[in-house]
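So the structure is just underneath, and the comments pick up after that.
For ligands, and for the atoms within them, numbers begin at 1 and follow the listed sequence.
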Amino acid sequence: MAKLGIGVLGVGAMGKRHAENIRRHVPEGRLVAVADVAVEQARQVAKELEIDHAFANFKDMLERKDIDCVVIAAPDKFHAQAIRSAAAAGKQILSEKPLALDLADAKAALDAVTKAGVHLQIGFMRRYDPGYSAAMKRIEAGEIGDPVVFKSIGRDKDAPPISSYQSKLNGMLFYNNTIHDFDLARWLMRDEVSEVQAYTTVAIRPEVAQYGDIVAGVVNLKYGRGAIGNIESYVQCAYGYDVRTEIAGSKGAIQVGTFEQTPATFLTVNGRIQTFADHFLTRFDDAYVAEVQDFVQSMLNDRTPRVTGQDGLRALEIAVAAETSHLQSKPCRVGEVAALAAGGDRRNP
Ligand SMILES: NC(=O)c1ccc[n+]([C@@H]2O[C@H](COP(=O)([O-])OP(=O)(O)OC[C@H]3O[C@@H](n4cnc5c(N)ncnc54)[C@H](O)[C@@H]3O)[C@@H](O)[C@H]2O)c1
């Protein structure tokens, strides 16, 4: 059986995990190379995973004829350009979220993908999580009737260091974190978000405001067919990595997510102890494997990926609207922002 050759761009926490998963869990794929501006890091990962090629830049990796697909896991700021370069080189692409940090770059990336006739999958791995995919099957089977209310919570355990805000390599909270919930909000409700209203805070860490970021955000949603929703994102809850979602419909509700890393409770003389999930790599361990396996299957069969570039664009449009609402302190219609994006300045409309 011919194996697909795969290269991974960016081997920090996420890219290294993708590389490990390809090496260990994707029999139809062959990890050929990794690339990272921190070339020592690339070399180290190549050594650990027993592959021969580590590059300091993407262009050199793209020149390899034995690479059919690339996984892009560089910081957010580089995704759109990396997608364009990979498409121009004729590679199939799995890119981490977000698709881009603004709508013009997102559209340029999607145009490049269309022009090259390649496939693009976006890394919304929650769709592959056993809990979320089981919920979706039940929603599709009509078990909760018509979805009416969407609620989602995404809390990180520890706030990023201030240097990560200073570098501006990643998008602000709505682009880097809440984007997963914006995707779930469309996918699970099977409807488009038409309007958002964001409430935000920099309480506990006011210095992040100067970098255009926030510590926590609550985004209220209105949907095209009349449903409503609410998403909370928070960078520093201290107790664990907490991702939960609930959809209430006309015939019942579905809850997804749990605090516990393992479904066990320890009863001790000091009380009850449960181990909480503390990191995305543990909470979504299975989802990352299933995501890259499905990507490779889609590519082998020349099939449109399950999570497309358009899904990346729609989630980004919601993030842009949420940021606009945050900046203007008023509700923002999702479509209007997309229309304004070509020339308007959403900070000073
Ligand atoms: N889907 C998810 O659950 C999930 C989780 C975490 C991160 N991510 C996304 O993955 C991406 C990487 O996040 P991370 O947590 O691994 O970050 P990280 O900081 O741990 O790693 C980023 C890596 O990219 C490298 N890099 C920086 N600029 C580069 C460039 N121009 N070209 C190539 N490599 C470059 C860095 O040297 C570093 O090794 C981000 O876009 C992030 O949003 C997704």
Side-chain angles (χ1 to χ4, degrees), residues 7-21 33-46 48 54-62 70-86 93-101 105-106 109 121-129 132 152 154-161 163-184 213 233 235 241-243 257 277-292 294-295 307 311-312 315-316 319:
V8 176
L9 175 68
V11 279
M14 193 66 259
K16 184 175 182 214
R17 174 58 66 88
H18 285 311
E20 288 164 352
N21 285 342
V34 292
D36 197 300
V37 285
V39 69
E40 275 314 312
Q41 166 86 357
R43 288 197 188 113
Q44 179 60 33
V45 171
E48 277 175 39
F55 295 99
N57 76 68
F58 195 29
K59 195 166 155 284
D60 292 342
M61 188 164 82
L62 289 176
V70 291
V71 175
I72 296 169
D76 300 0
K77 185 177 154 180
F78 304 110
H79 294 177
Q81 183 53 54
I83 290 169
R84 289 168 70 172
S85 304
I93 307 160
L94 167 59
S95 174
E96 267 308 334
K97 42 47 69 170
L99 167 60
L101 290 177
D105 281 353
Q121 177 167 331
I122 299 295
F124 290 134
M125 80 302 174
R126 290 188 192 175
R127 296 194 189 197
Y128 293 94
D129 172 70
Y132 281 104
S152 206
R155 297 181 189 151
D156 284 329
K157 184 170 188 282
D158 302 309
S163 57
S164 76
Y165 293 97
Q166 284 161 339
S167 73
K168 292 252 178 195
L169 288 174
N170 290 307
M172 58 91 74
L173 190 71
F174 292 149
Y175 295 80
N176 185 253
N177 178 319
T178 323
I179 196 97
H180 282 296
D181 304 270
F182 293 145
D183 178 60
L184 290 180
D213 219 322
S233 308
V235 298
Y241 177 75
D242 184 5
V243 172
D278 62 353
H279 200 269
F280 53 86
L281 289 176
T282 41
R283 168 65 183 84
F284 289 109
D285 192 13
D286 297 341
Y288 294 122
V289 173
E291 172 184 57
V292 77
D294 189 51
F295 169 68
V307 192
D311 290 320
L316 180 66

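Residue contact check: Lys97 has heavy atoms under 4.0 Å from atoms 1 (N), 8 (N), 9 (C), 41 (O), 42 (C), 43 (O), 44 (C) of ligand 1. Atoms of ligand 1 found under 4.0 Å from any heavy atom of Ala38, numbered from 1 in the order shown, are 37 (O). Atoms of ligand 1 lying under 4.0 Å from at least one heavy atom of Val37, given by number and element, are 26 (N), 27 (C), 28 (N), 29 (C), 30 (C), 31 (N), 32 (N), 33 (C), 34 (N), 35 (C), 37 (O). Listed by number with element, the atoms of ligand 1 under 4.0 angstrom from any heavy atom of Asn176 are 43 (O). Heavy-atom contacts of His79 reach the following atoms of ligand 1: 41 (O) (cutoff under 4.0 Å). For ligand 1, the atoms closer than 4.0 angstrom to any heavy atom of Gly123 are 1 (N).
Between Phe182 and Phe174, the two ring planes are tilted [angle within 30° to 60°].
Taking a cutoff of 4.0 Å between a charged side-chain nitrogen and a carboxylate oxygen, Arg127 and Asp311 qualify as a salt bridge. Ion pairing of Asp183 with Lys97 is absent here, as no side-chain N (NZ or NE/NH1/NH2) approaches a carboxylate O to less than 4.0 Å.
Residue pairs that meet the salt bridge (charged side-chain N to carboxylate O under 4.0 Å, His left out) test with at least one member in residues 165-182, sequence neighbours left out, are Arg126-Asp181.
For atom 27 (C) of ligand 1, the choice among Gly171, Ala73, Ala287, Pro75 with the nearest heavy atom turns out to be Pro75. Closest to atom 11 (C) of ligand 1 by heavy atom, among Ala35, Gly15, Gly12, Ala74, is Ala74. Looking at Asp76, Leu101, Leu9, it is Asp76 that brings a heavy atom closest to atom 41 (O) of ligand 1.
Asp156 meets the side-chain contact (heavy atoms from CB on, under 4.5 Å) test with Asn177, Tyr241; sequence neighbours excluded.
Ligand 1 lies within reach of Tyr288, whose nearest heavy atom is under 4.0 Å from it. Put simply, part of His180 is less than 4.0 Å from ligand 1, judged by heavy atoms. Every heavy atom of Lys16 sits 4.0 Å or more from the atoms of ligand 1. By the 4.0 Å heavy-atom criterion, Phe78 is counted among the residues contacting ligand 1.
Within a 4.0 Å radius of atom 20 (O) of ligand 1, the protein contributes at least one heavy atom.
What sits closest to atom 37 (O) of ligand 1 on the protein, heavy atoms only, is Asp36 OD1, 2.6 Å.
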